[in-house]
Amino acid sequence: MPELPEVETTVRGLARVLDGRRIERVEVRREDLRRAFPKDLGQRLTGARVTGLGRRAKYGLIHTDRNDTMIFHLGMSGSWRINHSRLKKHDHLLLETDEGTRLALNDPRRFGSVDLLHTDELAEWPPFKALGPEPLDLTAGELRRRLAGRSAAIKLLLLDQRIVAGLGNIYVCEALYRAGIHPLKAGGSISLERLKRLVPAIHDVLAEAIAAGGSTLRDFASPDGGLGYFSKDFAVYDREGQPCGGGGTVRRIVQGGRSTFYCPRCQR
DNA sequence: AGATATTCCTGGAGGC
DNA sequence: TGCCTCCAGGAATATC
């Protein structure tokens with residue numbers, strides 16, 4: 001499941017072959033994912049030169065010299081492949097550069113999205129306007145301000161992209177475990193002292209995952225493996241019933257319809 | 001307003 | 001082996 005580190009790794013992998021290149025060919029093989037593709041996507045991208053790539057929260061950004069930015073979201077099953085040997089089911093969008101590099105955007109569950117905006121209007125795009133700060137830029141004071149008065153569970157609030165933008169289920173579970181904070185604790189009731197543990201924990205789990213993803217990029221040679229997917233050892237995520245490493249046993253509960261993994265002994 | 005539930009979609013896992 | 005049900009997830013939308 002692509003979260004911020006996976007998107008960051010994907011963007012870095014794409015940048016190697018896309019940055020500075022001209023897009024020679026665009027093939028839309030399906031008209032929509034979560035929502036319809038822009039009707040003029042192919043026309044606006046074909047012949048454009050990529051001037052840079054970026055990331056905002058879990059969105060990947062591909063900027064072109066036509067004041068356009070293609071924004072992709074990988075949803076929960078999206079991935080890009082570079083120089084695939086053959087097409088796969090659910091390859092929805094294909095790009096080819098002036099160097100002959102072929103890219104395929106694959107997304108079986110179609111929770112992803114592709115949008116095209118004028119680059120100078122990105123900040124006004126409603127999905128971006130609603131986003132909170134990047135977790136790697138977050139400070140404890142800022143987080144405290146955003147949690148103030150909120151009675152909802154910290155786990156749910158950290159998943160809310162308006163509070164912090166880019167955290168998903170896995171890294172929220174991992175960060176709360178590292179900070180020793182119980183996922184059911186009301187967000188507004190957490191002391192600044194403890195937020196000063198939580199914010200670096202968020203930073204660290206993301207930075208470590210990005211580093212792990214980056215290390216898989218180094219030997220990125222298999223054309224049929226999706227960019228941005230790498231194995232990472234988690235302390236609690238998907239480890240129900242197993243030891244947490246701190247002397248406790250990982251438990252699973254459901255919050256807001258999704259699984260939370262935590263250690264009742266280490267997290268209070 | 002904040003909190004909660006529902007919706008989208010497919011592949012994989014598990015039960016029988 | 002096959003058929004069934006259930007579950008995973010992010011974000012938009014609806015409802016209380």
Test item: A/His92 and A/Arg110 side chains (from C-beta on) under 4.5 Å apart, heavy atoms: yes

Quick check on A/Arg162: does its CZ atom have over 12 non-hydrogen neighbours (other residues, nucleotides or ligands) under 6.0 Å away? no

Take atom CZ in A/Arg66; do more than 12 heavy atoms of anything else shown fall under 6.0 Å from it? yes

Kindly give the atom pairs (protein nitrogen or oxygen, nucleotide nitrogen or oxygen) under 3.5 Å for nucleotides 13-16 of chain C.
none

Can any side-chain N or O of A/Gln267 pair as donor or acceptor with the backbone N or O of A/Pro183 at less than 3.5 Å? no

Base, sugar-phosphate, or nothing for [X], non-hydrogen atoms under 4.0 angstrom?
X        : value
A/Gly168 : sugar-phosphate
A/Arg30  : nothing
A/Ser259 : sugar-phosphate

Side-chain ion pair, A/Asp238 and A/Arg252, N-O less than 4.0 Å: no

Is it true that A/Arg178 and A/Glu174 have a side-chain N and a carboxylate O under 4.0 angstrom from each other? no

Whole-Å distance between [N] [atom2] and [X] [atom1]?
X        : N      : atom1 : atom2 : value
A/Lys89  : B/dC9  : NZ    : P     : 15 Å
A/Glu3   : C/dG10 : CD    : C1'   : 10 Å
A/Lys88  : B/dT10 : NZ    : P     : 17 Å
A/Asn169 : C/dA11 : CG    : P     : 12 Å
A/Ile163 : C/dG10 : CD1   : P     : 15 Å
A/Asp107 : B/dC9  : CG    : C1'   : 9 Å
A/Asn106 : B/dG11 : CG    : C1'   : 12 Å
A/Asp160 : C/dA12 : CG    : P     : 11 Å

Given protein heavy atoms under 4.0 Å, the one-letter contact record of nucleotides 2-8 of chain B, with B base, S sugar-phosphate only and - none, is simply SS----B

Does A/Arg109 contact C/dA8 through a side-chain donor or acceptor facing the base, at a distance under 3.5 Å? yes

Where is the tightest heavy-atom contact between A/Leu93 and A/Val28, given as atom of each residue plus distance? CD1-CG2, 3.8 Å

Candidates B/dG11, C/dA12, C/dG10 - which lies nearest the side chain of A/Tyr59: C/dA12

Can a side chain N or O of A/Lys58 be found less than 4.0 Å away from OP1 or OP2 on C/dA11? yes

Using OP1 and OP2 only, check whether a side-chain N or O of A/His90 sits under 4.0 Å from B/dC9. no

Let's go through A/Asn106 and A/Lys89 carefully: what are the C-alpha distance in whole Å and the side-chain angles of both, what is the deciding distance for side-chain hydrogen bond (donor to acceptor under 3.5 Å, both in side chains) to 0.1 Å, and is it a yes or a no? CA-CA 8 Å; A/Asn106 185 282; A/Lys89 198 175 176 183; over 6 Å; no

Out of A/Arg81, A/Arg102, A/Arg86, which one pairs with A/Asp91 under the salt bridge (charged side-chain N to carboxylate O under 4.0 Å, His left out) rule? A/Arg81

Test side-chain hydrogen bond (donor to acceptor under 3.5 Å, both in side chains) applied to A/Thr69 and A/His63, step by step: CA-CA 4 Å; A/Thr69 294; A/His63 308 296; 2.7 Å; yes

